[in-house]
Number of protein chains: 2
Amino acid sequence: MSEVESFFKSAFSVDNVIFGFDGGDLKVLLIQRGAAPYKGKWALPGDLVYPNEDLDTAAERVLEQLTGLRGVYLEQVKAFGAVDRHPLGRVITVAYFSLIKISDYTVTPASFAQSAKWHTVTKVGDLAFDHNEILESCLKKLRRKVRMTPIGFELLPPKFTLTELQQLYESILIPPKSKKRIDKRNFRKKILSTNLLHDLNEVQEGVAHRPAKLYRFDRNKYEQLIAEGYSFDI
Amino acid sequence: MSEVESFFKSAFSVDNVIFGFDGGDLKVLLIQRGAAPYKGKWALPGDLVYPNEDLDTAAERVLEQLTGLRGVYLEQVKAFGAVDRHPLGRVITVAYFSLIKISDYTVTPASFAQSAKWHTVTKVGDLAFDHNEILESCLKKLRRKVRMTPIGFELLPPKFTLTELQQLYESILIPPKSKKRIDKRNFRKKILSTNLLHDLNEVQEGVAHRPAKLYRFDRNKYEQLIAEGYSFDI
DNA sequence: CTGCTTTGGTGTAAAAAAAACAATAAGCTT
DNA sequence: AAGCTTATTGTTTTTTTTACACCAAAGCAG
């Protein structure tokens with residue numbers, strides 16, 4: 001094999017860290033590998049990139065094949081390219097994370113034979129390949145990004161309460177061991193002062209306590225503010 | 001050609017955005033392409049990744065071949081993988097940026113035939129491939145990172161004045177058209193309050209005005225503070 | 001229907017951080 | 001010695017962040 005040929009004995013893949021939020025913890029959707037290498041281990045959903053496929057498109061495809069969802073929030077994080085990261089050959093992978101509303105996910109569509117399951121991010125065990133490292137990178141990027149742009153709402157249903165929103169931020173931002181929480185009054189003051197939440201004049205139903213008001217994220221307002229030089233910060 | 005084979009008719013490269021600072025503007029080191037495609041155009045230095053080479057190692061190698069420098073600040077930004085980004089085939093590239101002290105760079109070592117030249121980042125013209133997009137991404141990451149970690153010092157000589165440091169921050173952070181500058185007193189107050197600058201008790205020599213005091217970045221102090229939970233922010 | 005339990009909702013004061021702002025100092029040049 | 005250029009230094013005002021506690025509204029148990 002010539003040296004030039006050997007440059008092409010390699011492949012690239014994408015791996016997708018799919019985040020969800022169940023009201024309590026931040027979750028990540030993992031699949032259990034059905035074949036070697038790492039058979040039986042939990043892993044990030046991913047696939048080789050087709051020859052005529054953009055990286056972003058490949059990541060969207062992986063997401064859609066697993067969840068049936070399209071048009072969700074998806075962002076590249078970085079490439080992982082250690083020589084020995086894949087036992088069967090040289091495979092560079094590009095990591096993405098996506099944010100979905102966990103209720104939109106209907107368990108295990110036929111297209112994927114592997115069993116997929118939500119795992120609490122703080123409790124995923126030992127994953128296949130370098131997927132623990134990839135997950136860690138994606139989490140770090142999510143933590144940074146969720147404070148600088150209003151992407152947290154991608155994880156919530158269209159109508160939500162301020163308490164749900166706060167729990168979402170806490171599940172992402174508060175280190176597992178820390179027992180500190182975000183101050184309720186300060187959080188509400190800050191988030192409402194952005195004027196990005198639309199009060200729906202509705203309340204929760206069927207809860208065994210005072211029902212909370214429901215809000216909606218006002219995307220149009222956000223686009224408009226952005227155009228005026230606004231920058232989200234929470 | 002089987003479908004499996006076609007997955008391997010592809011290659012990966014690294015491209016390196018090498019930043020420097022000359023006391024006035026933020027600069028980027030570009031090479032003029034000597035061969036097709038884009039012959040004669042300015043481009044980011046880069047190369048295919050060797051089969052047994054980690055991505056990071058490839059980026060270090062590109063940097064060293066061009067500048068002779070090792071052990072400088074280097075950071076991956078992201079992968080660029082549009083199908084048509086390379087006219088000769090499917091090449092995914094991983095972008096890095098590095099920060100070097102411009103005075104350490106001795107022009108065009110023999111190893112690189114191409115002519116290399118520093119360009120003011122705000123005045124690079126139309127680059128080869130998708131290199132304008134890559135440069136833009138790296139700049140964005142540099143702008144974010146330079147405020148969160150003390151990497152600016154990588155661009156300065158070991159001894160520097162506070163005015164030089166301020167000009168560095170301005171060259172990176174102030175948008176080209178904006179005429180606002182950073183407030184001198186506030187900048188000095190803030191940077192000195194970190195206690196990361198060591199006053200060398202020396203002053204500039206041979207300047208036709210009041211000489212400024214020289215400082216050194218105290219890396220040990222920084223490591224120590226980091227261990228205590230400190231986080232840089234300017 | 002009464003009271004208990006649970007979570008929702010609200011304002012103010014103190015502290016800290018950021019922003020605005022101008023006069024004197026020190027070296028060199030002429 | 002006067003003039004030019006850049007260096008150095010503090011205070012006040014404004015804004016942002018933090019800390020903190022009580023009443024409200026619903027379902028539930030008795």
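Numbers restart at 1 for each chain; the letters A, B, ... are given by sequence-line order, proteins then strands.
- For B:R219 and B:E154, the salt-bridge test passes: some basic side-chain N is under 4.0 Å from an acidic carboxylate O.
- The listed nucleotides are C:dA26, C:dG8, D:dT17; the one nearest the side chain of A:K190 is D:dT17.
- Closest-nucleotide positions on DNA chain C for B:K184 and A:H209 were compared, and the one nearer the 5' end corresponds to A:H209.
- Counting non-hydrogen atoms under 4.0 angstrom, B:K189 reaches a base of the nucleic acid.
- Nucleotide D:dC20 holds its P atom 16 Å from the CZ atom of A:R181, rounded to whole Å.
- Computed from coordinates, the B:D233 CG to D:dT17 C1' distance equals 14 Å when rounded to whole Å.
- Using a 30° and 60° split on the angle between ring planes, B:F232 and B:Y230 fall in the perpendicular class, above 60°.
- Ionic pairing of B:K159 and B:E202 is present here: one or more N-O contacts between side-chain nitrogen and carboxylate oxygen are shorter than 4.0 angstrom.
- For the pair A:F187 CZ and C:dG9 C1', the interatomic distance rounds to 14 Å; values are reported in whole Å.
- In this entry the distance linking CD of A:Q204 with P of C:dT7 reads 11 Å, nearest Å.
- Rounded to whole angstrom, the span from the CG atom of B:D199 across to the C1' atom of D:dT8 amounts to 12 Å.
- Proximity note for B:R210 (side chain, C-beta onward) versus D:dT8, C:dG11, C:dG9: the nearest is D:dT8.
- Checked options A:Y215, A:F21, A:F153; the residue passing with A:F160 is A:F153 (criterion: ring pair (Phe, Tyr, Trp, His ring centres under 6.0 Å)).
- Between A:P211 and B:R185, the residue anchored nearer the 5' end of DNA chain D, judged by the nucleotide with its closest heavy atom, is B:R185.
- Close to C:dG9, at under 4.0 Å from its OP1 or OP2, lies a side-chain N or O of A:R188.
- Here B:V203 lies out of heavy-atom contact (under 4.0 Å) with every strand.
- Looking at which nucleotide of DNA chain D each of A:A208 and B:D183 is closest to, the 5′-most match is held by B:D183.
- Spacing between atom CG of A:L165 and atom P of C:dT7 amounts to 18 Å, rounded to whole angstrom units.
- The distance between atom CD of A:Q166 and atom P of C:dT7, rounded to the nearest whole Å, is 14 Å.
- Note on A:R181 versus A:E170: salt bridge recorded, some NZ/NE/NH1/NH2 to OD/OE distance being below 4.0 Å.
- Among the protein residues, A:T161 comes within range of no part of the nucleic acid, since none of its heavy atoms lies under 4.0 Å from any strand.
- Atom-to-atom, CG of B:N186 to P of D:dT11 comes out at 14 Å; the value is rounded to the nearest Å.
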